[in-house]
Amino acid sequence: QVQVVESGGGLVQTGGSLRLSCVASGRAFSDYAMGWIRQAPGLEREFVAHISWSGGSTYYADSVKGRFTISRDNTKNTMYLQMNSLKPEDTAVYYCAAFKGHYGSNKYGDLSSWGQGTQVTVSS
């Protein structure tokens, strides 16, 4: 069973930047893909980005392409989400998630575990 813990959320102004981190434990980190999911109040949750076990394959939602960068350091069991040019519509709770397999997808059934979430608030 994989446990994940996110950190790095906060309040930032429009156009600002934040970096989220997620530390995983419980299974060899390089065995599985990782991803970020967000949910804003009143909206459906959405996959923001995911990254394969090696970091060689990534996915971004159209809404964040060109602004967010997902990465991982398998030597530190840590995944990151660098968020630049933040917009008020990026305001949400961001969840770190571990996939069951080597590659990510946009299917919640492919996830093995989620974190508690970290709040990101972008003020206008």
Side-chain angles (χ1 to χ4, degrees):
Q1 183 73 13
V2 176
Q3 295 81 42
V4 294
V5 178
E6 313 92 337
S7 62
L11 173 64
V12 65
Q13 291 186 330
T14 297
S17 298
L18 281 175
R19 189 176 82 155
L20 305 183
S21 298
C22 174
V23 178
S25 61
R27 182 181 158 198
F29 188 65
S30 58
D31 272 356
Y32 50 91
M34 296 284 292
W36 292 96
I37 296 160
R38 69 184 180 186
Q39 185 160 27
L43 298 179
E44 300 224 344
R45 61 188 176 185
E46 64 169 333
F47 278 93
V48 176
H50 50 73
I51 186 166
S52 63
W53 66 281
S54 66
S57 177
T58 57
Y59 159 86
Y60 296 95
D62 287 344
S63 57
V64 307
K65 276 182 186 174
R67 300 188 297 122
F68 290 10
T69 302
I70 190 171
S71 62
R72 65 189 292 161
D73 184 341
N74 286 354
T75 67
K76 296 182 179 179
N77 291 2
T78 303
M79 175 184 64
Y80 305 96
L81 185 68
Q82 179 66 44
M83 305 185 294
N84 298 330
S85 303
L86 282 162
K87 305 175 181 180
E89 50 264 44
D90 294 318
T91 295
V93 177
Y94 284 70
Y95 299 91
C96 168
F99 286 87
K100 297 172 185 175
H102 285 181
Y103 294 93
S105 73
N106 289 353
K107 299 177 182 177
Y108 294 103
D110 288 343
L111 298 173
S112 66
S113 56
W114 296 61
Q116 294 296 309
T118 185
Q119 177 70 46
V120 171
T121 303
V122 184
S123 63
S124 56

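Since the structure is predicted, the reported quantities are computational estimates derived from the model, not experimental observations.
Contact of the Asp73 side chain with the Tyr80 side chain is registered, since non-hydrogen atoms from C-beta on lie closer than 4.5 Å. In this structure, Lys76 and Val23 have side chains that are not in contact, with every pair of non-hydrogen atoms separated by 4.5 Å or more. Proximity of Glu89 to Ser63: side-chain heavy atoms (C-beta onward) are nowhere separated by under 4.5 Å. Between Tyr60 and Thr69 there is a side-chain heavy-atom pair separated by less than 4.5 Å.
Nearest heavy atoms, Gly56 versus Ser52: N-OG, 3.3 Å. Heavy atoms only, all atoms of each residue included: Leu11 and Ser123 are closest at CD1-CB, 4.3 Å. Here the closest non-hydrogen pair linking Ala92 and Arg38 is CB-CB, 3.9 Å. Heavy-atom minimum distance, Arg45 versus Gln39: N-NE2, 3.8 Å. Summarising the geometry of Gly115 relative to Glu6, their closest heavy-atom pair is CA-OE2, 3.1 Å, with the distance given to 0.1 Å. Contact detail for Gly9 and Thr118: the closest heavy-atom pair is N-OG1, 3.2 Å.
Linking ILVMFWY side-chain heavy atoms closer than 4.5 Å, directly or via other members, places Leu86 and Ile70 in a single hydrophobic cluster. Linking ILVMFWY residues whenever their side-chain heavy atoms come closer than 4.5 Å, directly or via other members, places Val48 and Val12 in the same cluster. The same ILVMFWY cluster, assembled from side-chain heavy atoms under 4.5 Å apart, contains both Leu18 and Val122. Placement of Ile51 and Val2 within a single hydrophobic cluster is found when ILVMFWY residues are connected by side-chain heavy-atom separations under 4.5 Å, directly or transitively. In the hydrophobic clustering of ILVMFWY residues, with side-chain heavy atoms under 4.5 Å counting as a link, Leu20 and Phe68 come out together.
Put simply, OG on Ser71 and CE on Met34 are 11.5 Å apart, with the number rounded to the nearest 0.5 Å. To the nearest 0.5 angstrom, Thr91 atom OG1 is 7.0 Å from Gln119 atom CD. Taking SG of Cys96 as the reference point, atom CD of Gln116 lies at 11.5 Å (rounded to 0.5 Å). Between Gln13 atom CD and Ser124 atom OG the span is 9.5 Å, to the nearest 0.5 Å. Between the OG atom of Ser21 and the CD atom of Gln82 there is a distance of 9.5 Å, given to the nearest 0.5 Å.
Judged by distance alone, the side chain of His102 and the main-chain N or O of Ala33 form no donor-acceptor pair under 3.5 Å. Of the possible polar contacts, none joining the Asp90 side chain to the Thr14 backbone as a donor-acceptor pair under 3.5 Å is found. For Gln3 (side chain) and Gln1 (main-chain N/O), a donor-acceptor pair under 3.5 Å exists by modelled atom type.
The residues Lys65 and Asp62 are annotated as salt-bridged, a charged nitrogen and a carboxylate oxygen being separated by less than 4.0 angstrom.
Geometrically, Arg27 does not engage Tyr32 in a cation-pi contact, judged by NZ or CZ lying under 6.0 Å from the ring centre and within 45° of the ring axis.
Of the residues listed (Trp36, Tyr59, Tyr94, Tyr108), the one engaging Phe47 in a ring pair (Phe, Tyr, Trp, His ring centres under 6.0 Å) is Tyr108, and it is the only one.
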